[in-house]
There are 2 protein chains.
Amino acid sequence: MEYQTDLIILERTELFRGVAVQALREIHAVSYRKRFSAGEIIFRQDDAAASLYVVSVGRLRATQTVPDGQQIIIRYLGPGEVAGYTTLSGAATHPGSITAVDDSYLIGWSADTIKQIMSEHTAIAMNAIVLLGARYREMQLRLRELSTERVEQRIAHTILRLTAQAGRRTVRGVEIAFPLTRQDLAEMSGTTLHTVSRTLSAWEEEGIVDCGRRRVIVAEMDALTLIAAGTSPRLPNRL
Amino acid sequence: MEYQTDLIILERTELFRGVAVQALREIHAVSYRKRFSAGEIIFRQDDAAASLYVVSVGRLRATQTVPDGQQIIIRYLGPGEVAGYTTLSGAATHPGSITAVDDSYLIGWSADTIKQIMSEHTAIAMNAIVLLGARYREMQLRLRELSTERVEQRIAHTILRLTAQAGRRTVRGVEIAFPLTRQDLAEMSGTTLHTVSRTLSAWEEEGIVDCGRRRVIVAEMDALTLIAAGTSPRLPNRL
DNA sequence: TACGTCATTTGCGCCAGCGCAAATCGCAAT
DNA sequence: ATTGCGATTTGCGCTGGCGCAAATGACGTA
């Protein structure tokens with residue numbers, strides 16, 4: 001049944017979209033399965049790029065670290081998403097690290113295998129192009145946000161992005177479906193955990209969010225969207 | 001001879017690397033040539049992504065604009081570089097604008113044509129993946145810089161990147177080979193033209209750079225590299 | 001040569017958000 | 001329960017760098 005599950009994941013993965021089931025079986029046959037516990041490191045920054053994974057179960061976090069210890073979070077990866085695109089694009093080493101934030105099962109291929117697969121299946125190469133294009137565009141957007149918006153807007157955008165990617169409807173609102181500290185939010189928004197904390201407290205007071213330890217629930221999506229757009233009334237002393 | 005020149009450009013373009021000359025001729029045969037004067041717009045943000053260009057002669061600037069008029073510069077494109085990768089990756093519209101900063105000649109293909117070409121030549125699809133991967137990594141790097149570094153370092157990084165991309169050796173140092181305002185530098189570094197001006201003035205005083213109207217020459221590459229790395233002595237009142 | 005336009009420089013004041021530090025809280029394990 | 005650790009909150013002071021505005025300078029044009 002793991003076999004079944006993995007096949008279903010592969011079918012749904014952007015990278016393998018439109019590939020015939022028969023081909024998918026072959027691709028699956030040359031893959032390997034690997035388990036990582038929460039906190040384990042999948043790739044370490046600057047390690048040789050030797051494999052590519054698709055997340056089957058769990059969640060990963062991609063980060064970039066600076067020598068002095070600071071780091072930023074590039075993105076989170078959920079089921080069906082691809083970790084290690086660097087392996088596709090032929091770079092020698094990983095530009096960042098990838099860590100499991102939940103216990104995770106990954107489906108993997110060696111660099112050679114995946115290149116072989118791509119050259120045999122044009123559709124997959126095309127999918128890779130689409131996938132990388134989308135990520136590139138997302139980065140452009142974030143770069144723009146970071147350059148032009150103030151902290152409150154950026155935090156709002158970050159949270160909105162997370163709900164879109166891993167939101168779960170609950171009675172109290174949309175919950176981000178994995179543990180997330182203030183520090184994490186700060187590393188995604190380009191600020192400090194202190195500022196995130198203050199901002200969330202203010203929003204909580206207004207009933208826009210409802211959050212606790214490592215948990216964020218968005219109660220009023222619309223209000224958050226307004227803040228993200230920068231069109232919010234901008235209360236004189238929101239903080 | 002334009003035909004000759006274009007073929008040489010295509011041969012050297014990352015996108016067509018490793019493609020047989022014969023195939024390249026065919027690819028060239030289905031392309032069109034287009035001239036843009038300095039200041040003309042090649043793509044407008046949110047326009048339909050209908051074509052892809054390779055720069056033959058000249059230089060382009062890719063930007064992203066926010067409704068309120070602010071913009072950031074994503075990158076500059078010189079001879080041999082690809083404008084409109086969005087067309088490759090199947091997005092409906094351009095995520096930003098592209099403008100000619102010098103008089104430029106571009107070699108273009110329609111969206112359908114380029115997709116056709118890619119599906120016939122796997123090597124080109126692979127090149128596209130490499131190309132997008134490199135750009136994605138560059139964006140990750142810039143995002144990290146913008147999140148973790150202070151203005152002075154970011155400006156230094158920006159200038160170093162530009163010299164690497166379009167540097168020209170002169171007796172006075174390495175010159176950035178196209179007109180570049182303080183505002184442009186600001187939009188690449190995530191700051192304001194005022195701060196860029198102040199910073200350059202300080203550097204000029206120390207003999208690190210030598211710049212004028214729309215022109216930057218780096219006299220002491222090493223000093224700039226140190227500043228970029230954040231290891232510079234950090235004079236108490238550098239500004 | 002004079003003029004208009006655009007780029008650049010620079011002074012000055014201010015404030016968003018950072019850094020530090022201390023207190024509190026919540027969860028898990030013993 | 002108790003203890004311990006990590007997450008979170010919050011107060012306080014400071015400052016990097018922004019915003020405004022005015023002056024100056026460089027270049028193209030008539």
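The sequence lines fix the lettering, A, B, ..., with proteins before strands; numbering per chain opens at 1.
- When heavy atoms are screened at a 4.0 angstrom cut-off, A/Ser201 is found touching the sugar-phosphate backbone but no base atom.
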Under 4.0 Å protein heavy-atom contact, by nucleotide of nucleotides 19-30 of chain C - B base, S sugar-phosphate only: BBB----BS---
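- Here the rule is side chain to side chain donor-acceptor pair (under 3.5 Å) with B/Arg61, and of B/Asp184, B/Asp102, B/Thr99 only B/Asp184 fits it.
- The distance from atom CD of A/Glu204 to atom C1' of D/dT9 is 11 Å, rounded to the nearest whole Å.
- Atoms CD (A/Glu152) and C1' (C/dC15) sit 15 Å apart, rounded to a whole Å.
- Distance A/Trp203 CH2 to D/dT10 P: 16 Å, rounded to the nearest Å.
- For A/Tyr53 and A/Phe43, the ring centers are positioned less than 6.0 Å apart.
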For a side chain to side chain contact (heavy atoms under 4.5 Å, CB included) check, start with the C-alpha distance between B/Ile42 and B/Leu106, then their side-chain angles and the critical distance, and finish with the verdict. CA-CA 10 Å; B/Ile42 288 104; B/Leu106 309 185; 3.9 Å; yes
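- Helical stems involving DNA chain D, defined as 3 or more consecutive Watson-Crick or G-U pairs under 3.5 Å, span C:1-30 with D:1-30.
- Partners of A/Tyr76 by ring pair (Phe, Tyr, Trp, His ring centres under 6.0 Å), not counting sequence neighbours, listed by chain and number: A/Phe178.
- Set against D/dG17, C/dT8, C/dG17, the side chain of A/Thr195 has C/dG17 as its closest nucleotide.
- Under 4.0 Å is where a charged nitrogen must lie from a carboxylate oxygen, and between B/Glu175 and B/Arg169 no such pair does.
- The pair B/Glu40-B/Arg35 fails the salt-bridge criterion, with no side-chain N (NZ, NE, NH1 or NH2) lying under 4.0 Å from an Asp/Glu carboxylate O.
- By the salt bridge (Lys or Arg N to Asp or Glu O under 4.0 Å) test, A/Arg172 pairs with A/Asp210, sequence neighbours left out.
- Salt-bridge formation is not detected for the pair B/Glu149/B/Arg142: no Lys NZ or Arg NE/NH1/NH2 atom is positioned less than 4.0 Å from an Asp or Glu carboxylate oxygen.
- Checked against salt bridge (Lys or Arg N to Asp or Glu O under 4.0 Å), A/Arg215 has no partners two or more places apart in sequence or in another chain.
- When distances run from any side-chain atom of A/Val151 to the nucleotides D/dG17, C/dT8, C/dG17, the shortest one goes to C/dG17.
- The distance between atom CD1 of A/Ile155 and atom C1' of C/dG17, rounded to the nearest whole Å, is 10 Å.
- Against DNA chain D, the stretch residues 177-185 of chain A makes heavy-atom approaches under 4.0 Å through A/Thr181, A/Arg182.
- Counting to the nearest Å, the P atom of D/dG16 and the CZ atom of B/Arg154 are 14 Å from each other.
- Atom CG of B/Leu162 is separated from atom CG of B/Leu185 by 6.5 Å, given to the nearest 0.5 angstrom.
- Dashed line: the shortest gap from a side-chain N or O of B/Ser197 to OP1 or OP2 of C/dA7 is not under 4.0 Å.
- Ionic pairing of A/Glu145 and A/Arg150 is not present here: no N-O contact between side-chain nitrogen and carboxylate oxygen is shorter than 4.0 angstrom.
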